[in-house]
Every structure is written in C-alpha cells, then in structure tokens.
S.K.: 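First, the structure itself, so that you have it in front of you.
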2 protein chains.
Amino acid sequence: MNSAAAIRRYRRSGHKVTPQRVAVLRALEALRGRHPAASDILALVRREQPRVSPATVYRILHELCDMGQAVALDLGDGRARFDINPVPHAHLVCEACGRVEDLLWSLDLTRVPDRLRKGFLVTGAQVTLVGRCPACHRGEVTAIPSG
Amino acid sequence: MNSAAAIRRYRRSGHKVTPQRVAVLRALEALRGRHPAASDILALVRREQPRVSPATVYRILHELCDMGQAVALDLGDGRARFDINPVPHAHLVCEACGRVEDLLWSLDLTRVPDRLRKGFLVTGAQVTLVGRCPACHRGEVTAIPSG
DNA sequence: GTAGGTGCAAAATTTTTGCATGTTA
DNA sequence: TAACATGCAAAAATTTTGCACCTAC
C-alpha cells in the first residue's frame, strides 16, 4: 500500500485527508499499470463509497497530477488516463482494438538538444507508439482490412 | 496548393470530390503547422461555406486520417488536433499557457527493439514533450504563478 | 469554528449518429 | 439514376462549474 506516502503529502501540503482522497489513491494503486480512465477509477471508488461524485474524482485526480503523484495520459481515444507514481515509460496502442501495453524503453527525452528546444524548459515526455497488436495484426498479411 | 494530390487520391479511391472535402483540405493546408482543432478547421471552412456542419468536418477528417493524408494528435487538452501531410516530428507543449511548438527532432521511434515490442507492429509514433515555454518559465524562479 | 471539501445537478465541450435531403459521377 | 455525401438535430461521452451542505482539523 504505497498510497501512504501520498496521504502524508496531502497532510503536509495543507490539504485535508478525506475518505474520498484516500479512496482515489487506493483505486489508483489497485489499477496501477492498467491505464484507467476517470470512469474506471470512479467505478472502483464507488464499490466502497457509492455516493462519491464524478466531480470529486476529477478534482482529486487534478490535484494529484499537480502534486506530481500521478500523471495524465492521452492515448488517443478522447479521454484522459491516469497512472500513479509511474516509472517513466512509453506506450504501445493498437489502433484496431485499442489495447494498450507498457513499453519499458528507457528514453530520456527531456534532454532535448538546446538548439531545438525553442527555450522551453522540458519537464516530462509522453511517447505513444501506434500500430497493431499481435491479435489484430495476424489476419492482415493476406487480407487488407476494409476500413 | 498541395491539396491537389489529396483530391486525386479521393477520386481514385472511389470517393466523390465534394466542395466540402476540397474546403477541408484547403483549410488544413492553410493551417499547416498550427495544430488546428476540428473547430478551427470548421471555422475556416465556414468563412467560404457557412452551412458546412461539424459532422461533415469530423467525417472528412477521419477519412483523411484513414487515408494517411493527415494525422490526429493528442496534445493533452481533450480535443484532437490535425496535421496535413506532416514531416514526422515531436511537439513541445507548455503546460502553463498551452502553447505548442514543433520539435524537429528526428527520432525513428518505430524501430522498437524486438525484445520490448510485445509482438506489436509499430507504424507510427507520437512524442509530446511537456514543460514551460520561455514566457511562462521566466517569472517562475521568483514567483510561482497563481494558475 | 472555519477553511476547505463534497455531492448534486446543470452546463460546457467535443464528437458521433440517424435520417431525410441533396449531389457527384 | 443510384450510390454516396451532407445538413440538421439530437444524442453520447467526458469534464467542469455553481452552490448549498458537510467535515477534517
């Protein structure tokens, strides 16, 4: 249960430690590595506390991202996905079925050559590789998909 | 006016060449490099053809992405951005003001080591670097911005 | 007790869909 | 003219906001 550190950080930062905040942290912990959308997190939180509202979950997720406890991902399907305390990594997304896999490829993309940086201070990177997962790729050699 | 090639491709693929398709292509051409959202493209199209509907623009943008004439980007603000015929490149996004700059960094990320690929066939990559643009970075050393 | 947090409901955005009508080839 | 494309309006889905009430400290 790693969420203890995040709870301490809430306390130290002057935020209150509420049951809702604890529940979101625990849900993120339980879903670590599964790239949950806000609705997935809400669903898990509601298994214990059915009256928690979407607004609260969104507010807490934003806080956690601001605090650096979590990161928001854009995997191309129009909703935000969340990761708690992630080891930096890239993602493989199947454009056919939407499957997402972590890609533990160590690229330190924050070290952009100064010449190209346009004065930006780069603090994070998001790398998404798009393609076909094995299952969706298999039928493709002999038959080009209609879409 | 590079959209001529795309128009030819429409004709060859059995799609009809409609004024709406031509207008979307010309808008994408005019906005090349500006990372327009669908609403930006619609607004430009409507300067010439006020009755074009959002649904039509979305349908045409999807077609163009499927045809490989354009790409959709996720820059982290909840709406899709579009680029026509882009040279592959990464993006710098300012997390404070939302400014987006191209980053002409030649990384061939589709060459993922086999060991890590998990069987995926990788066809494209999206690299987004997040940080602070020069303007938003400047005041930060002495004063943390309120937003 | 008070500052801050939450639930609810409504709104705002973006994107999709159904269907009657219009248009390209 | 026949298949395809569009406009319109409504729906869907996600995320944000206003406000009265509640609670952690």
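Note that the coordinates shown come from a computational prediction; the quantities given were computed from them, not determined experimentally.
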S.K.: Enter the distance from A:L64:CG to A:L25:CG here, rounded to the nearest 0.5 Å.
M.R.: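 Spacing of CG (A:L64) from CG (A:L25) equals 5.0 Å.
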
S.K.: Quick check: do B:V93 and B:L129 have side-chain heavy atoms less than 4.5 Å from each other?
M.R.: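 With C-beta onward as the side chain, the pair stays apart.
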
S.K.: Can you list, by residue number, the residues of residues 74-83 of chain A that have a non-hydrogen atom closer than 4.0 angstrom to DNA chain D?
M.R.: A:R79, A:A80

S.K.: Apply side chain to side chain contact (heavy atoms under 4.5 Å, CB included) to the pair A:L61 and A:L28, showing each step before the final yes or no.
M.R.: CA-CA 10 Å; A:L61 288 171; A:L28 279 169; 4.0 Å; yes

S.K.: Report the C-alpha distance between A:Y10 and A:Q69 in whole Å, list the side-chain angles of each, state the deciding distance to 0.1 Å, and finish with yes or no for side chain to side chain contact (heavy atoms under 4.5 Å, CB included).
M.R.: CA-CA 10 Å; A:Y10 262 130; A:Q69 299 291 305; over 6 Å; no

S.K.: Is it the case that more than 12 heavy atoms not belonging to A:E95 sit under 6.0 Å from its CD atom?
M.R.: yes

S.K.: In chain order, what residues pass the salt bridge (charged side-chain N to carboxylate O under 4.0 Å, His left out) check against A:E63, with sequence neighbours excluded?
M.R.: A:R21

S.K.: Does a side-chain heavy-atom distance below 4.5 Å link B:L92 with B:V100?
M.R.: no

S.K.: Hey, what bend do you get for the helix from C:dG1-D:dC25 to C:dA25-D:dT1 if you fit axes on five pairs at each end, rounded to 10°?
M.R.: 40°

S.K.: Just the atom pairs and distances: protein N or O near nucleotides 22-25 of chain C's N or O, under 3.5 Å.
M.R.:
from	atom 1	to	atom 2	distance (Å)
C:dT24	O2	B:K16	NZ	2.9
C:dA25	OP1	B:V17	N	3.1

S.K.: Measure the spacing between OG of B:S3 and CD1 of B:I84 and express it to the nearest 0.5 Å.
M.R.: 6.5 Å

S.K.: When the side chains of residues 33-42 of chain A are checked against the rest of the protein, which donor-acceptor pairs come out under 3.5 Å, sequence neighbours left out?
M.R.:
from	atom 1	to	atom 2	distance (Å)
A:H35	NE2	A:H91	NE2	3.2
A:H35	NE2	A:D102	OD1	2.7
A:D40	OD2	A:A37	N	2.7

S.K.: So, using salt bridge (charged side-chain N to carboxylate O under 4.0 Å, His left out) as the criterion, who are the partners of A:K118 when residues are at least two apart?
M.R.: B:E101

S.K.: Within this structure, what is the OH-to-C1' distance between A:Y58 and C:dG7, rounded to whole angstrom?
M.R.: 16 Å

S.K.: Not counting sequence neighbours, which residues clear side-chain hydrogen bond (donor to acceptor under 3.5 Å, both in side chains) with A:R115? List them please.
M.R.: none

S.K.: Applying side-chain hydrogen bond (donor to acceptor under 3.5 Å, both in side chains), can you list everything that pairs with B:N85, at least two apart in sequence or on another chain?
M.R.: none

S.K.: I need the residues from residues 59-68 of chain A with at least one non-hydrogen atom less than 4.0 Å from DNA chain D; give them sorted by number, or say none.
M.R.: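 Residues of residues 59-68 of chain A under 4.0 Å from DNA chain D: A:R59, A:H62.
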
S.K.: Of the residues in residues 41-55 of chain A, which ones touch DNA chain D at a heavy-atom distance under 4.0 Å?
M.R.: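 Heavy-atom cutoff 4.0 Å gives A:A55.
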
S.K.: Let me know which of A:R11, A:H15, A:R9 forms a side-chain hydrogen bond (donor to acceptor under 3.5 Å, both in side chains) with A:S13.
M.R.: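 Answer after filtering A:R11, A:H15, A:R9: A:H15.
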
S.K.: To the closest 0.5 Å, what do you measure between CZ (A:R32) and CG (A:D83)?
M.R.: 8.0 Å

S.K.: For the CG atom of A:L73 and the SG atom of A:C65, what is their distance to the nearest 0.5 Å?
M.R.: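 Reported to 0.5 Å precision, the distance equals 9.0 Å.
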
S.K.: Where does the chain B footprint on DNA chain D start and end, counting 5' to 3' with a 4.0 Å heavy-atom cut-off?
M.R.: D:dA3 to D:dC8

S.K.: Which side-chain N or O atoms in residues 120-127 of chain B pair as donor and acceptor under 3.5 Å with protein atoms at least two apart or in another chain?
M.R.:
from	atom 1	to	atom 2	distance (Å)
B:T123	OG1	A:V130	O	3.2
B:Q126	NE2	B:D74	O	2.9

S.K.: Output yes when a side-chain donor or acceptor of B:H62 lies under 3.5 Å from a complementary backbone atom of B:I60, and no otherwise.
M.R.: no

